[in-house]
Amino acid sequence: MTFIEALSAGFVMVAQWESILFLALGVTIGVVAGAIPGMSATMAVALTLPFTFALQPIFGILLLLGVYKGGIFGGSIPAILIKTPGTPASSATALDGYPMAEQGRAGEALSMSLYASCIADLISNLALIVFAAWLASFALNFGPPEMFTLIVFSLTIIAGVSGDSLIKGVVAAALGLLLATIGLDFIAGTERLTFGSVDMRGGLNFIAVLIGLFALPEIIAYMRKSAAQDHRVRGMGYSRLKLADFRRSLKSIFRGSAIGVFLGAIPGIGAAPSAFLSYSEARRASPNRDNFGKGEVEGVAAAEAGNNGVAGATLIPLLSLGIPGDVITAIIIGAFMVHNLTPGPLLFVNNADLVYALFIGLIASSFLLLIIGSVAIRAFRYIADVPSNLLFPGVLVLCIFGVYAVNNSVFDVAVMLLMGVVGYIMLILRFPAAPFLIGFILGPMLENNFRQALLMSRGDFSIFARGPITILFLCMTVISVVLIIRSTVKAARLKRELGAYGKKSAMQGPET
Amino acid sequence: MLSRRDELLIGLGVMVIGAAVLWWIIPNYIATPRRVPIPALSPAFWPKIIAWTIILCGAVLSVRAVLAPTPPDAVVDDLSVTRPEGLRLLALGVILLGIYFALPIVGMVWVSMIAFALLVLLSGGKHLIWGMIAAVVLPLLLYFFFTKVAGVAIPQGQIVRLP
Amino acid sequence: MKTSLIALSMGVAAAALAAPVAAEYPTRAIQMIIPFGPGGATDLSARALSTPLTRIVPQPIVLTNRAGAGGATGSVAVRDAAGDGYTLLLARVGSHTVNPAMNPNLPYTLDEFRFVGIYEINPVACVVNSNSEFHSIDDLINAVNERPGEILYSSSGVGSLPHFGALMVLDSFGITDLDENVIHIPTEGDGQALTAVLQGTSDFYCGSTSPAAPFINGGQMRPLMVTSSERLDGFDAPTVEEIGKPELQALVGWTGLAGPEDLTDEAAEKWGEWLAEAAQDEDFQRFMTSGGSIVQVMSPEESVEFVNSAYESFRRLVVALDLEID
């Protein structure tokens with residue numbers, strides 16, 4: 001089959017009304033499921049899978065991809081409205097999205113999140129179509145040493161999300177890393193910090209930690225003050241996104257999409273590092289950087305672009321090599337297998353029409369997401385109008401059900417409640433929560449890749465400089481650290497010279 | 001912004017946590033296998049690095065708190081808890097503990113209803129009627145969604161079972 | 001095919017609506033716990049099986065993923081559940097043969113479960129990258145002998161089937177001091193373990209055929225041997241019988257249903273029948289065989305005997321080679 005024939009055959013497959021219907025159905029299921037904490041995109045895809053067995057391959061796979069795309073955007077809705085991110089990736093969206101909702105700008109944040117998602121999704125899909133072969137061979141060069149150096153570099157984003165005190169951010173990140181070591185040892189299989197509990201052998205569930213850390217402290221803080229503070233209505237979520245705001249965020253959206261495509265193509269990294277990296281890069285480059293973390297619309301745009309930029313790119317290793325980049329794509333492989341389709345290089349030879357149909361379907365999904373997403377925003381933003389003293393109890397109940405549902409474990413609910421208390425203590429002592437989370441997510445990747453690399457080299461540390469990729473990331477890490485220290489020292493000196501604590505505007509970077 | 005004394009206490013507290021992890025938790029709760037061919041592959045290797053990082057950061061925080069100029073009182077946040085606030089926090093703690101222990105016995109739906117209602121009362125009891133309606137309806141909705149649509153077995157407890 | 005979907009959803013709806021009249025088992029939904037995450041081999045196998053089961057079992061079946069600690073978290077949850085037949089476990093070779101044999105600190109033992117039936121046998125294949133220098137298992141063995149401590153193999157974790165499988169194969173070829181002579185690279189699942197082979201981080205992988213099948217079909221990997229008694233479709237490699245190591249036939253993966261130790265006879269009996277009937281389903285069989293598995297339903301007695309004999313032979317080897325996790 002020539003390229004044109006395959007393309008037109010693919011187009012015929014997608015042009016059936018059922019294709020669009022299943023895709024739209026998938027996106028709708030995904031957005032709704034993503035918006036319910038605990039019903040993450042992963043779970044929605046797993047639940048939809050058995051229904052695709054009876055469908056034609058193209059319909060089944062489009063349905064699953066729709067759920068995937070919808071779910072990733074849907075996760076930003078509760079992150080913005082009630083600071084309850086359903087996935088680690090959407091917690092970056094909560095950093096600026098939730099302050100905006102508190103200021104009565106929920107509508108603006110949601111719209112920005114949708115537009116950023118759709119643009120990043122489209123870019124990611126185009127990258128998949130154009131660069132799949134090239135990015136796949138690049139991704140294959142990422143062995144454990146490369147992954148380790150990449151993650152070390154990613155840890156420098158802690159500086160970007162630490163708020164006022166860099167040192168406190170580092171402490172929070174270290175605590176997150178420590179918490180991530182709980183469970184069975186990766187190499188020896190022995191117990192680490194499980195304290196004899198069977199439930200802790202598997203480590204702590206990160207959705208439980210995440211929701212406990214972000215949503216619960218808000219509830220506790222509200223309950224403590226509630227009688228004293230007037231029941232301020234958070235205001236309608238009808239604020240509109242200004243064109244000027246959108247335009248100045250475009251650069252961050254494109255940057256975030258590129259970061260997402262790059263990290264998404266490497267199997268096993270996932271969307272969370274991408275969202276945080278995009279956020280921290282946007283903050284570094286933005287003239288409004290002091291406003292980040294306090295309700296900056298560009299922060300929402302960057303986080304969502306980084307998050308969604310991964311979505312199309314994770315299909316690169318899946319389609320071209322047959323490697324699942326994350327849990328969701330592992331489930332999607334199942335859908336291929338049921339229909340006797342083998343993802344991998346031969347798919348492009350044997351089923352080129354299907355591949356092109358998927359490509360066209362993916363492009364269509366970005367536009368469907370725009371339509372369905374804007375309907376969803378209209379429906380969900382009424383949550384912003386719910387009075388606080390009903391909203392917070394509702395969030396607690398939602399968190400209990402959601403966290404339980406992830407792994408059917410009451411222990412996870414206990415972890416969430418306990419993390420809520422830890423998160424509240426961190427909140428009043430001014431320790432930022434985001435570095436803690438980054439440490440918790442990156443911790444296992446950091447340690448496992450470090451140890452795999454040393455196993456490969458039999459303990460020889462020179463493996464961490466074995467090629468151009470590792471050396472590049474090591475250099476980038478050194479440059480980042482130098483820049484962070486310089487700006488920190490500069491900010492501290494500036495502050496001392498001004499001698500005034502009230503003048504926050506003088507502080508350019510994080511203070512030491 | 002916290003007062004100098006509070007920042008100093010935080011710095012010292014962080015050091016204590018790091019020290020406890022390094023000299024008490026790691027030796028007692030991390031099992032090291034008989035043979036570890038490469039020291040860097042020991043299960044305790046990363047936790048030790050992390051613990052040292054925490055101790056070091058705690059020291060920096062403490063030194064900085066001592067050296068930094070005293071912030072004017074106007075911008076210092078008070079960490080003290082007033083009596084009604086403390087009582088409400090205590091009540092909230094009891095509710096959270098109650099949720100955990102009652103879950104397997106009473107079932108998630110009923111526990112959620114009670115917790116919702118108690119939190120509405122605890123936060124001043126405004127919009128009381130709507131609050132009570134929501135307290136009943138929301139857990140039921142979530143229950144039917146998760147069990148019937150998502151196929152998750154929500155814990156039912158041993159007293160009253162829902163269909 | 002569409003009718004089956006409609007029948008399935010109608011079945012679920014009817015079962016949910018109609019209140020049970022008879023008091024006999026089952027009177028409410030049955031929870032089947034999968035001790036591994038969604039998308040893994042056990043999960044896909046369980047979801048494929050649940051489709052025909054939903055039509056046969058009079059009550060809804062709720063599939064629940066309880067992943068963690070190599071299957072231990074989910075297994076313990078079922079062990080501690082009531083034996084009324086409303087909580088069952090998808091037991092797998094990793095959680096119920098390899099891990100018990102290798103890990104003395106496991107929080108459960110095989111005796112604490114009552115097996116209802118094994119329904120799937122999954123042969124093991126040793127695979128290498130298709131541009132690897134190894135063209136036969138002998139090449140691999142020679143390389144290990146010539147360059148001790150340089151050949152790497154990947155697995156889905158400590159105490160998993162691929163971890164043990166590689167050691168068992170090498171041992172049968174007379175390689176000693178396995179700790180020193182080959183290097184184990186654990187990863188977080190079969191997908192990652194195979195990715196390591198694909199990108200050259202690891203030299204070979206000896207695990208279930210199903211996760212390796214796509215890479216073999218795609219020409220990215222080459223099988224060196226399979227542990228089935230006959231040659232497998234799509235796997236162009238000699239069987240262990242052909243290479244003169246018939247004892248390696250004990251090295252197979254399996255999936256089955258189990259309940260807590262005190263599972264009632266009534267429930268066990270019913271499930272035996274349902275399982276046998278569900279395994280006849282054509283869609284199910286097609287799905288399983290496409291991944292290189294063999295659908296084979298064993299009676300409870302056969303299942304117990306099968307699991308125990310596999311455990312015994314693995315355990316002997318673990319003790320003899322000092323492979324225990326401490």
Side-chain angles (χ1 to χ4, degrees), chain A residues 42-43 45-46 49-51 53-56 139-144 183-191 194 198-203 205 267-268 317 321-324 327-334 336-338 340 342-347 407-409 411 444 448 451-452 455-456 458, chain C residues 1-5 8-9 31 33 37-40 43-44 47-48 50-51 64-70 72-73 76-77 102-103 105 107 149 152 157-159 183-189 191-192 194-196 198-202 213-215 217-220 283 286-287 290-291 325-326:
Chain A
T42 314
M43 215 164 130
V45 173
L49 176 69
F51 294 98
F53 290 174
L55 297 173
Q56 277 183 40
L140 264 192
N141 288 323
F142 268 75
L184 291 184
D185 184 75
F186 186 59
I187 287 178
T190 51
E191 291 179 46
T194 60
V198 174
D199 287 304
M200 283 171 75
R201 289 171 79 102
N205 181 315
L321 301 169
I323 297 173
V327 186
I328 297 181
T329 41
I331 302 171
I332 294 177
I333 280 198
F336 277 93
M337 301 283 288
V338 174
N340 272 329
T342 306
L346 284 187
L347 191 68
N407 216 358
N408 297 275
S409 160
F411 176 76
N448 293 352
R451 298 170 88 184
Q452 282 173 336
L455 277 173
M456 288 168 70
R458 306 234 79 185
Chain C
M1 286 251 268
K2 280 205 176 124
T3 49
S4 73
L5 179 70
L8 186 153
S9 45
Q31 192 180 17
I33 292 187
D43 182 67
L44 291 178
R47 287 182 195 277
S50 76
T51 311
T64 300
N65 293 98
R66 215 41 229 277
T73 313
V76 168
M102 293 185 81
N103 194 343
N105 301 320
L152 314 154
V158 176
I183 294 172
H184 174 215
I185 306 221
T187 67
E188 285 169 279
Q192 283 195 12
L194 285 157
T195 305
L198 197 62
Q199 62 182 189
T201 298
S202 147
F215 297 102
N217 295 338
Q220 297 150 285
D283 281 352
R286 196 162 42 85
F287 178 65
S290 76
I325 297 165
D326 42 20

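Lettering follows sequence order; numbering is per chain, from 1. What you are looking at is a predicted structure, and each value in this text was computed from that prediction instead of being measured.
Minimum heavy-atom separation, C:Pro107 to A:Arg201: CD-CZ, 3.6 Å. Residues A:Phe186 and C:Glu188 approach most closely at CE1-CG, 3.9 Å, considering heavy atoms.
Contacts with chain C were tallied for A:Gly203, A:Ser409, A:Pro317, A:Pro267; A:Ser409 has the most, counting heavy-atom pairs under 4.5 Å. Of all the listed residues (C:Thr195, C:Val76, C:Thr73), the one sharing the greatest number of non-hydrogen pairs under 4.5 Å with chain A is C:Thr195.
Residues C:Pro186 and A:Leu455 meet the side-chain proximity criterion, which asks for heavy atoms closer than 4.5 Å. In this structure, the side chains of C:Gln199 and A:Asn141 stay at 4.5 Å or more apart for every pair of heavy atoms. Within the 4.5 Å cutoff, no side-chain heavy atoms of C:Thr201 are placed close to those of A:Gln452.
Residues passing the side-chain hydrogen bond (donor to acceptor under 3.5 Å, both in side chains) test with A:Thr194 are A:Glu191, sequence neighbours excluded. For A:Thr329, the side-chain contact (heavy atoms from CB on, under 4.5 Å) partners at least two apart in sequence or on another chain are A:Thr314, A:Leu315, A:Leu318, A:Pro324, A:Asp326.
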Practice prompt. Give the intermediate values and the outcome of side-chain contact (heavy atoms from CB on, under 4.5 Å) for residues C:Ile183 and A:Arg458.
Written response: CA-CA 9 Å; C:Ile183 294 172; A:Arg458 306 234 79 185; 3.2 Å; yes

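Only the side chain of C:Leu152 has a heavy atom closer than 4.5 Å to any heavy atom of chain A. Neither the backbone nor the side chain of A:Leu347 comes within less than 4.5 Å of any heavy atom of chain C. Contacts between A:Asn408 and chain C at a heavy-atom distance below 4.5 Å involve backbone atoms as well as side-chain atoms. Proximity to chain A (any heavy atom under 4.5 Å) is shown, for C:Thr187, by both the backbone and the side chain. Residue contact with chain C, scored on non-hydrogen atoms closer than 4.5 Å, involves the side chain of A:Leu184 exclusively.
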